[in-house]
Structures are given as structure tokens and as C-alpha cells.
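Throughout, protein chains are lettered first and strands after them, A, B, ... in sequence-line order, and every chain is numbered starting at 1.
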Protein chains: 2
Amino acid sequence: MTQPTISLANRVCEIIVQDIVTGTLPQGSKLNEPELARTHGISRGPLREAMSRLEAMRLIKRIPNVGASVVSLSYDELLEIYQIREALEGLAARLAAQNMSATETQELRLLLGAHEKHIKQTQGQSYFQQEGDVDFHYRIVQGSKNQRLINILGDELYNLVRMYRYQFSLSSNRPQQALKEHNQICAAIEEGDAELAEWLMRRHIGNARRNIMQHMQADATPAEDL
Amino acid sequence: MTQPTISLANRVCEIIVQDIVTGTLPQGSKLNEPELARTHGISRGPLREAMSRLEAMRLIKRIPNVGASVVSLSYDELLEIYQIREALEGLAARLAAQNMSATETQELRLLLGAHEKHIKQTQGQSYFQQEGDVDFHYRIVQGSKNQRLINILGDELYNLVRMYRYQFSLSSNRPQQALKEHNQICAAIEEGDAELAEWLMRRHIGNARRNIMQHMQADATPAEDL
DNA sequence: AGTCATAATATTGTCAACAATTTAAGCGTA
DNA sequence: TACGCTTAAATTGTTGACAATATTATGACT
């Protein structure tokens, strides 16, 4: 994230984050401190520091005197996350409509253009689309200018959302519909209509949540985005 | 919190949390690792672990190779927090109306009775009232049964709210009004009216936020509660 | 006198070894 | 064979010392 070489703990932390998100470190697997330290060529001290951050990100679960394991994902927890996203990103959209700069909204519009192009070219489910969706939402969150909101969503929730997408193969089954909703939200922000932006964002995430719930009770093989 | 003696880091962490909240460790003050470790009779290893948790709680701010300082409170950040509380506790109230058990609502009602009694006896601003308010809100949050929501509010936001109250002397200037709003929320939860509970909670916290904003531009000497 | 470079000090980052607890294995007995 | 206890191995928690970086103090030069 930052250019100057930070502490070993930070660097290793980011690597492990990626390993957890992508499933290289599987769900529920135990993290052996000496082994992990040796793997990354550092000592146990910085590694434990990195693990503290992973715990703060809710990516691992620690039990005193027993050890740490990668969190196990469940549909119930995914719904919990989406309930929170609905409330928090609704707020973010409202604030973004009030506080986003002209250049920021322009960049957001450009991003949507790129998404549209990619959806037309590659019919859905690409890596780009998944990350691109996170990009869209994260830009709005940043546009809220509420630093604490940015931290909560960026540090705690989005990594978990990415993790679900990778490991549950949550590629969108309605990319064009999601894009349409993104465009509506973007328009509301451009016009500075805070109330509408919040309402649209809440409905947008609510749609995704309801979609998850359907596939959830139908089968253990889901298909969902946003 | 838990009965068996946990790790040194946990114990010291809770002590430092209290020191920060109450102002024993002043805002912006630098945390000297060897000194703090010596003070609490532990080594730097566990102390750094404790500091990582304080960082996750947003009570201290760390800069690589420079050190950690207690956060500095500002009205802008207080408003940020209340914006988030409005969204998140609105969600909590809605879920609580759906998921709270009968015994939980009864206990909530009892708590409000105790508050009423205390307000009549001691006209406002007591320590009990401040903590009692946090109790009320935290019970609703727990009643939501959304574990992640409980963690975010309990671990990150409520400690900061308590910190503001202690150090800005944010005793309520409208205790009876706040109590009335609490009773309304409690009634909506008892009746299982999720929508109303959410709306009332959002207005309740929104009132507090607007109250803060008034005193904020008026002077640097505020008076506000929940 | 003021400012910049340099050296001394203090603080953070990192490491390897020790202590305490937990987990697994081994053994004996019913 | 299954169960419980004892003992050994492995893992986490903790400590003190060393290395790297930042902060402060000192002194030379304009």
C-alpha cells in the first residue's frame, strides 16, 4: 500500500491476508507460529504482531494458549456482513453525495464505463469484475470523507467479502443488473441527491443479500455478486 | 471479562484501556514502551501485543519506527462516530425487535426502571447515568444477535464514546428526554415492531448528534449525552 | 546569532532462548 | 478392547539482548 519499506510485520501481514483471501491458507486451518515464521523468513516476534492485525481484520480467530486459525466462513456470517454493509454503505452513499469532489465523481463515472466494456467483452465472472465491484464500492466509501467509516469497511469488511467471493466462487449471475444499479447510484451522487443515493445503495446491497438467502436455502452451491 | 487468568497482554490491555478512557493517559501523549512495560511489570513483548489491540480499538495511533500515541479527540471525529452509530444502532434496534428473547426484553425494561429511579434521585450527570446509557445501548446491540455488529460497536466505538464522555464531561443536559426516548425504543422492541424501533433509534442518536453540533459551533464547552 | 552537518542518545524493530501450558502418546488396569 | 492416568513432545507465552531507525544534542561554519 505504501512505498517505503515498512516493518517486516506489515509486509508479512499483507502476504498472509492475500493467502487467506485466496484460500492458499484454507478456512479453519491452524496457524503454526514457528512454521509460518520460517516460511516467511522472519522471527516469531513480528509474526505475532502480524497475527494481531489479522485478528483485528477478523480474518483469524485466536484462542489463548491454544493458537490461531483461519476463520470459517458460513452463510449466516455472510448475511451478518451484508446487513452491516447495507447500513454502512447506505450512509457512505449519502455522505458521498454531499462530499465527493467533481474529479472524484468523474473518476467514478470512468470506472463504470470500464466495467461496462468488460462485461460486454467477457460475459461475467472474471477476476476483474469481482475486484472492480469492490473498487466501485470502495470509492464511494472514500468519497464519504468519514475516516472511521473508511477504516471499518476497508480494514474489516471488504477483505472478508473478497474472501467469500474467491472461495465460494461468488461470481455475479446478474452483472448487467448490478451495473445498472451502480449507474443509478452514481447518477444520484453526481446530482448531490443524498437521500436517493442512500436509498439506492441500501436497495442495491439488499438485493444482493436477498439473492444470497435464496441460493442459501436452495443449495450449498451459491451464485451471487455484489 | 473472562474468569480464568488470561495472558499478560490481555490483562494489561484492559488496564490501559481504562487509563485511556478516563484520561489517566492523556490525549496525544506518547506511549513509551520500556516505561509502560516497567510500570505494569511485564516485558515489551506482551506490551506490544496489548498495544496492537489498542490500535485495533482505535484508542492509540501508531506510526512505524516512531511510536504510538493516545488518539486526540476532536468534534469532527465525534460526529463521524455518531453518524456511524446512527446507521449501525438503527440496524441493531431493528434486529433486536426481531430476535430479542422475552427475558432479554424484561431485563431491558428493568434497566430503564433503575435509570428512572436514579434520575429522580440524583439530578443527572452521575457516573452511573453515563455508564447506564452505554448499558442500555449495548443490550440492544447484543439483542441483535449479529455477532459482527456486536464486535464492531463493542470493541471499537463504545470505548471511544466513553472516552469522550469522561474527558469532555459530556453529562446529559436532557436526561429525562433521553429516558423517554429509551422507553419508546424499548416499547417498539417489545412489540416486535422492527421498522419503528430502527426509526426511533436513528432519531434518538440523530438528536444527540445535532445537539453536539450546536454546542460545537457555539463553544468548546459542550454538553451532550447519548 | 543563526543554520546546517555531525555525533550521541533514546526508542522502536527484531531475534533467539527460556518458561508455562496444551496436546499427543504410552502404559497399565478393569 | 476401552478407559484413565502418567509422561513426553509440541506449541504458545514471555523474557532479555541485539540491530536499525529516529530524535535530540553538540559544534562548526556563514
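- Side-chain contact check for A:H182 and A:D133: at least one donor-acceptor pair (N or O, by modelled atom type) lies under 3.5 Å.
- At a threshold of 4.0 angstrom between heavy atoms, the contacts of B:L47 with the nucleic acid are absent.
- Distances shorter than 4.0 Å separate some side-chain N or O of A:R48 from OP1 or OP2 on D:dG13.
- Distance B:I42 CD1 to C:dC18 P: 22 Å, rounded to the nearest Å.
- Considering only side-chain atoms of A:K30, the nucleotide from C:dT14, D:dT11, D:dT23 that sits closest is D:dT11.
- When heavy atoms are screened at a 4.0 angstrom cut-off, B:L36 is found touching no nucleic acid atom at all.
- Among the heavy atoms of the strands lying under 4.0 Å from B:G67 are primed sugar atoms or P, OP1, OP2 only; no base atom is included.
- Minimum atom distance to the side chain of A:N65 is reached by D:dG13, of the listed C:dA16, D:dT15, D:dG13.
- The 5' end of DNA chain C is approached more closely, in terms of each residue's nearest nucleotide, by B:R44 than by the other of A:V66 and B:R44.
- Side-chain atoms of A:E33 lie closest to D:dG13 of the nucleotides D:dT21, C:dC15, D:dG13.
- Going from atom CD1 of B:I63 over to atom P of C:dT12 covers 12 Å, rounded to whole Å.
- Using a 4.0 Å cut-off between a side-chain N of Lys or Arg and a carboxylate O of Asp or Glu, A:E104 and A:K145 qualify as a salt bridge.
- Rounded to whole Å, the distance from CG on A:N10 to P on D:dT21 is 15 Å.
- What separates CG of B:L8 from C1' of D:dT12 is a distance of 13 Å, to the nearest Å.
- Classification of the A:F168-A:Y75 ring pair by plane angle, with boundaries at 30° and 60°, yields tilted.
- Distance, B:N32 CG to D:dT23 P: 14 Å, rounded to whole Å.
- For the side chain to side chain contact (heavy atoms under 4.5 Å, CB included) test with A:L153, the passing option among A:I84, A:L88, A:V161 is A:L88; the others fail.
- Straight-line distance from the CG atom of B:L31 to the P atom of C:dG13: 12 Å, rounded to whole Å.
- Checked for salt-bridge contact, A:R202 and B:E198 meet the test: a charged N lies under 4.0 Å from a carboxylate O.
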